[in-house]
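The block underneath contains the structure these notes are about, expressed in structure tokens.
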Amino acid sequence: MNANKSKKKTTKYSCCRCPCRRLTERLVICHGSPTLAGIKTANLFRCPRGNEKRLRFEISELDRRLSPKGVRAVLLRARDGSSLVYIYRENRLFRDLEDETASSLLSSLGYDVSSSHGCVAELFRRINECRCSHEFPHEVGFFLGYPPCDVVGFIENNAECSKCVGCWKVYGDEREAKKTFERYKKCSALYYTLWERGKSIERLTVAD
């Protein structure tokens with residue numbers, strides 16, 4: 001009887017039918033499908049905090065399951081009843097940060113651009129120091145795969161005067177941005193349908 005209790009305790013969160021795990025996966029599918037599909041560098045989204053210990057376990061498990069495909073999952077700031085989850089393709093992110101425009105602006109903001117890992121850690125630190133749960137460092141766009149010209153335009157214009165708004169505010173190529181937004185939308189719809197039909201999140205994740 002004690003052995004059964006022990007077994008039940010260790011599998012409480014890992015069971016594939018666990019409602020918490022399914023909720024976590026649903027949020028990742030809804031908000032991060034383009035990253036899973038390999039057509040976007042990263043996604044950052046909120047999820048209900050609930051039991052923070054259990055949520056941290058779920059995100060840690062998700063990271064373990066997806067890391068062989070080159071995708072990482074991190075739980076960031078927990079505040080005001082919600083938490084931030086960041087999922088990203090590590091190799092693609094590091095290539096993005098080597099872009100001349102991104103590297104130059106990040107350096108001017110105090111990032112150590114000689115270390116991609118250091119840049120990511122510094123972003124996490126700054127996000128956690130934001131006073132409001134809806135605030136983000138403006139340079140976060142570099143870490144989400146946004147076109148560098150749009151990130152710079154956002155910063156220089158103080159988030160005003162954009163050409164259009166979709167997944168981000170566009171200051172550069174509006175036509176190309178709208179095509180990208182539509183690709184992300186279609187990808188998310190397709191992935192959600194496939195996931196609802198039983199396809200695992202591992203199988204939906206494209207390997208680097």
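These figures come from a predicted structure and were not determined experimentally. Sequential numbering from 1 along the given sequence is applied to the chain's residues.
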>> I want to check something: taking the side chain as every heavy atom from C-beta on, are Thr41 and Thr35 in contact at a cut-off of under 4.5 Å?
In response: no
> Taking all non-hydrogen atoms of both residues, which atom of Ala73 and which atom of Ile87 are closest, and how far apart?
Replying inline: CB-CG2, 3.9 Å
> Under the salt bridge (charged side-chain N to carboxylate O under 4.0 Å, His left out) criterion, do Arg64 and Glu61 qualify, and how do the steps go?
Replying inline: CA-CA 5 Å; Arg64 179 187 62 78; Glu61 276 293 288; 2.9 Å; yes
> Quick one: does Tyr88's side chain get under 4.5 Å of Val71's, heavy atoms only?
Replying inline: no
>> A side-chain contact here means heavy atoms from C-beta on lying under 4.5 Å apart; do Tyr184 and Lys40 qualify?
In response: yes
> Of the non-hydrogen atoms in Tyr146 and Cys167, which two are nearest, and what is the gap between them?
Replying inline: OH-O, 3.3 Å
> Hey, is the main chain of Gly172 close enough, under 3.5 Å, to the side chain of Asp150 for a donor-acceptor pair?
Replying inline: yes
> Which atoms form the tightest heavy-atom contact between Gly166 and Phe181, and what is the distance?
Replying inline: CA-CE1, 3.4 Å
>> Testing the basics here: between Leu36 and Arg89, what is the closest heavy-atom pair and its distance to 0.1 Å?
In response: O-NH2, 2.8 Å
> Does a side-chain heavy-atom distance below 4.5 Å link Val151 with Thr101?
Replying inline: no
> Can you find a heavy atom in the side chain of Tyr111 that is under 4.5 Å from one in the side chain of Ser103?
Replying inline: no
> Of the non-hydrogen atoms in Ile155 and Leu105, which two are nearest, and what is the gap between them?
Replying inline: CD1-CD2, 3.8 Å
> So which heavy atom on Pro137 is nearest to which on Leu123, and how close?
Replying inline: CG-CD1, 4.3 Å
> Does a side-chain N-to-carboxylate-O contact under 4.0 Å join Glu58 and Arg54?
Replying inline: no
>> With heavy-atom distances below 4.5 Å as the criterion, would you say the side chains of Asp96 and Phe143 are in contact?
In response: no
> Between Glu176 and Lys179, is there a salt bridge with N-O shorter than 4.0 Å?
Replying inline: yes
> Is there a side-chain contact (heavy atoms from CB on, under 4.5 Å) between Lys163 and Lys178 once you walk through the steps?
Replying inline: CA-CA 11 Å; Lys163 295 179 180 179; Lys178 287 182 176 179; over 6 Å; no
>> Side chains of Arg26 and Tyr192: any donor to acceptor distance under 3.5 Å?
In response: yes
> Taking the side chain as C-beta and beyond, is there a heavy-atom pair between Pro34 and Ser188 under 4.5 Å?
Replying inline: yes
>> Does any part of the side chain of Leu44, heavy atoms only, come nearer than 4.5 Å to the side chain of Val85, both counted from C-beta?
In response: no
> Does a salt bridge link Arg126 with Glu139, judged by any charged N lying under 4.0 Å from a carboxylate O?
Replying inline: yes
>> Would the distance check show the side chain of Ser60 and the main-chain N or O of Arg56 forming a donor-acceptor pair, the cut-off being under 3.5 Å?
In response: no
> Should the ring pair His138 and Phe154 be called parallel, tilted or perpendicular, given that the plane angle runs from 0 to 90° and is split at 30 and 60?
Replying inline: perpendicular
>> For a side-chain contact (heavy atoms from CB on, under 4.5 Å) check, start with the C-alpha distance between Leu62 and Ile201, then their side-chain angles and the critical distance, and finish with the verdict.
In response: CA-CA 9 Å; Leu62 187 66; Ile201 198 168; 4.0 Å; yes
> Under 6.0 Å between ring centres, would you say that holds for Phe45 and Tyr86?
Replying inline: no
> Can you check side-chain contact (heavy atoms from CB on, under 4.5 Å) on Arg183 and Ile39, steps first, answer last?
Replying inline: CA-CA 9 Å; Arg183 286 178 67 207; Ile39 62 174; 3.3 Å; yes
